[in-house]
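In what follows, a single structure is set out as structure tokens and then discussed.
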Amino acid sequence: MEIPMDSYAKLVFNQVENPNPFLCTALIRGYCLQGLVKESVFVYSEMRKKSVLPISFTFSALFKACGVVNDVDLGRQIHGQTILIGGFGFDLFVKNSLIEMYVKLGFLGCGRKVFDELPERDLISWTELIVGYVKAGDMESAGELFSELPKKDMVAWTAMVTGYAQNAKPREALEFFERMLNEGVETDEVTLVGVISACAQLGAAKYANWIRDIVENLGFSPTRCVVVGSALIDMYSKCGSVEDAYKAFKVMEEKNVFSYSSMIAGFAMHGYAYAALELFHEMVKIGIKPNKVTFIGVLTACSHSRMVEQGRQIFESMEEKFGISPGVDHYSCMVDLLGRAGCLEEALNLAETMPLEPNGGVWGALLGACRTYSNPDIAQIAANHLFELEPNAIGNYILLSNIYASAGRWNDVLMVRKMMREKGLRKNPGCSWLETKKGVIQEFFAGDMSHPRYGEMKQVLEDLLNRLKAIGYQPNMNSIAYDVSDEEKRRILITHSEKLALAFGLLDINADFPIRIMKNIRMCEDCHSFICGVSQITRRVIIVRDNLRFHHFHDGKCSCGNFW
């Protein structure tokens, strides 16, 4: 049997006159591990010509190889071989490998069919399919399978916890984790990182402190565990406490590129650009090479603080000094940096001439800058690209509509809204939430007057509005894209979700503590100036996280310097 490849393994193999299935399988597996799928299939074909029957390990190696090279057609042919040869219908090892292949290649229905036809299943069979549903975002099907699983081990529990976290269902992730603890199931770093991610999404100090205590009690202190430590840094940053994030960073005995990158990103999202840059230079000085994620954090820090020249230098150093080719996300950061600084023409030129195909992030950054600097012409160029790349992303249509509205181009506003109606797109309502003094998370939706304490909240907002007007505040009508009366615009503005959350926070949270508000979309200009003023007249510290960054309001000023 001749093998079409010069190698020591080939030479040895060719000396064997009648190779047995185990020797053939060893060579097949060796080729598969090197990604040489054609060669492994050739060996299999020669086996069949010589009437050498394959074994379980033969097929499992071939299925794994098909998954690596994303070749489902070849995988189906090999699946057919298991049926044609016979004897593998009850082989759980082969069937589990087959499920794994179909799941990895995105053919979940085929994997489910193999699973359903199994006369017996083990934990691997169940877990492979649960993970498949998790990756597809179908947590309902994953949950149904999990509930039917006779014996649930740590891997299955972890798949559900991390699945809910990855699919933006943080409350469900925490619920599963608590059940896991109550069942006495052991946890590992992977489980904890999933739970920490869920706590970060909620942005509530109660959950952050809760999981920190659990981490310590289970022996995964950030002092000794760099993976968990890096996750805690990210969590505290997203919960609005960059100080606690930095404390977690400082106590880590071992720091790597991931812990440094997490801390740099934390500083960036809170507007501490100089701290982010200082940490970047520190890691380089001590010999830790930054990676692509590190540079995204540093460039974001420069962008949020209008540090254009520093951003240019760091971007250029990526390839020149560190040998890292900028990816599309780095170009997106640069377009954002230039756009936020008002260099719209230069930002457009970079987007049009960059060596990579611009994605939605690049054009979205430019569109957002056009909103800040009221440039409907460049906005139209960016929006046209976005409508091709993301035809059903309603935020792009709303942003373009707002830009036209600010420029008084109401016919263009009507044109964009017509496009939205024709596509059946509906705007997601603005939603804000905060943690009360009792640790309960309260949610508020824009325009929603159903809260039990709405009467008190309304009175608080009216009082604040009158006091702010006395020091010069006027509602920013451009924050409302609708062609309605000024009175109606004022009514809409005062019931934005972050204002409702702020009113409740002033009623509920002790003056010695900051009011921390999370929001699902970008904060509008009017809410930003309103909260700035409230922090001045009430002497309260107010922290708002929108979908872009954190804003720390104190004594009439914001950490973003009114630049976001």
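Values reported hereafter were calculated over all heavy atoms of this structure, with side chains retained and with hydrogens, waters and symmetry mates removed.
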Quick one: do the [X] and [Y] side chains pair a donor with an acceptor below 3.5 Å?
X	Y	value
Glu282	Tyr260	yes
Asn547	Asn520	no
Tyr164	Arg171	no
Ser237	Asp234	no
Asp122	Ser125	yes
Glu390	Asn396	yes

### Message
Is the distance between the ring centroids of Phe93 and Phe57 under 6.0 Å?
### Response
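Close enough - the centres of the two rings lie under 6.0 Å apart.
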#### Entry: side chain to side chain contact (heavy atoms under 4.5 Å, CB included) between Lys292 and His330, intermediate numbers included
CA-CA 8 Å; Lys292 291 188 175 185; His330 302 102; 3.7 Å; yes
Heavy atoms, side chains only, cut-off 4.5 Å: are [X] and [Y] in contact?
X	Y	answer
Met180	Met154	yes
Val94	Phe63	yes
Asp116	Arg112	yes
Tyr102	Val72	yes
Ile264	Val298	yes
Ile196	Arg212	no
Leu74	Ile78	yes
Ile441	Tyr207	yes

### Message
Working note: Leu92 + Ile124, criterion side chain to side chain contact (heavy atoms under 4.5 Å, CB included); need CA distance, chi angles, decisive distance, verdict.
### Response
CA-CA 9 Å; Leu92 196 54; Ile124 296 174; over 6 Å; no
Hey, is [atom1] on [X] packed in by over 12 heavy atoms from elsewhere, all under 6.0 Å?
X	atom1	value
Lys135	NZ	no
Lys152	NZ	yes
Glu243	CD	yes
Phe258	CZ	no
Glu148	CD	yes

Exercise: identify the closest heavy-atom pair between [X] and [Y]:
X	Y	value
Ser259	Met252	CB-CE, 3.6 Å
Leu129	Gly111	CD1-C, 4.1 Å
Ile543	Pro514	CD1-CB, 4.3 Å
Met160	Ala142	SD-O, 3.9 Å
Val257	Lys289	CG2-O, 3.4 Å
Cys66	Leu105	O-CD2, 3.9 Å

Say you draw a straight line from [atom1] of [X] to [atom2] of [Y]; how long is it, rounded to the nearest 0.5 Å?
X	Y	atom1	atom2	answer
Lys104	Ile99	NZ	CD1	15.5 Å
Glu186	Thr158	CD	OG1	9.5 Å
Arg76	Leu98	CZ	CG	11.0 Å
Glu443	Ser497	CD	OG	10.5 Å
Leu218	Cys225	CG	SG	11.0 Å
Ile517	Leu502	CD1	CG	5.0 Å

### Task
Any chance you could lay out the side chain to side chain contact (heavy atoms under 4.5 Å, CB included) test for His79 and Val114, step after step, and finish with the verdict?
CA-CA 10 Å; His79 182 184; Val114 174; 4.2 Å; yes
If we ignore hydrogens and angles and just use 3.5 Å, is the side chain of [X] paired with the main-chain N or O of [Y] as donor and acceptor?
X	Y	result
Asp508	Phe504	no
Asp448	Phe444	no
Thr58	Ile55	yes
Arg516	Leu434	no
Glu435	Lys206	yes
Ser197	Val193	no
His270	Tyr272	no
Glu128	Val103	no
Trp433	Gly203	no
Arg545	Cys239	no

#### Entry: Ring-face cation of Lys437 near Phe513 (centre distance under 6.0 Å, axis angle within 45°)
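The answer is no, since Lys437 fails at least one limit relative to Phe513.
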### Task
Test side-chain hydrogen bond (donor to acceptor under 3.5 Å, both in side chains) on Ser332 and Asp329 and set out the steps.
CA-CA 5 Å; Ser332 177; Asp329 289 335; 5.7 Å; no
#### Entry: Carboxylate-amine/guanidinium contact Glu498 Lys519, below 4.0 Å
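Here Glu498 pairs with Lys519 in a salt bridge, since their nearest N and O are under 4.0 Å apart.
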### Query
Applying the ring pair (Phe, Tyr, Trp, His ring centres under 6.0 Å) test to Phe146, which of Tyr133, Trp157, Trp126 qualifies?
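The ring pair (Phe, Tyr, Trp, His ring centres under 6.0 Å) with Phe146 is passed solely by Trp157 among Tyr133, Trp157, Trp126.
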### CA sep, side-chain torsions, deciding dist, call: Asp91, Lys95, side chain to side chain contact (heavy atoms under 4.5 Å, CB included)
CA-CA 6 Å; Asp91 192 317; Lys95 294 296 184 180; 5.6 Å; no
### Query
Relative to each other, are the rings of Phe280 and Phe322 parallel, tilted or perpendicular (30° and 60° limits)?
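The rings of Phe280 and Phe322 stand perpendicular, inter-plane angle above 60°.
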### Aromatic plane relationship, Tyr246 with Phe267 - under 30° parallel, 30 to 60° tilted, over 60° perpendicular
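Judged by the thresholds at 30° and 60°, the geometry between Phe267 and Tyr246 is tilted.
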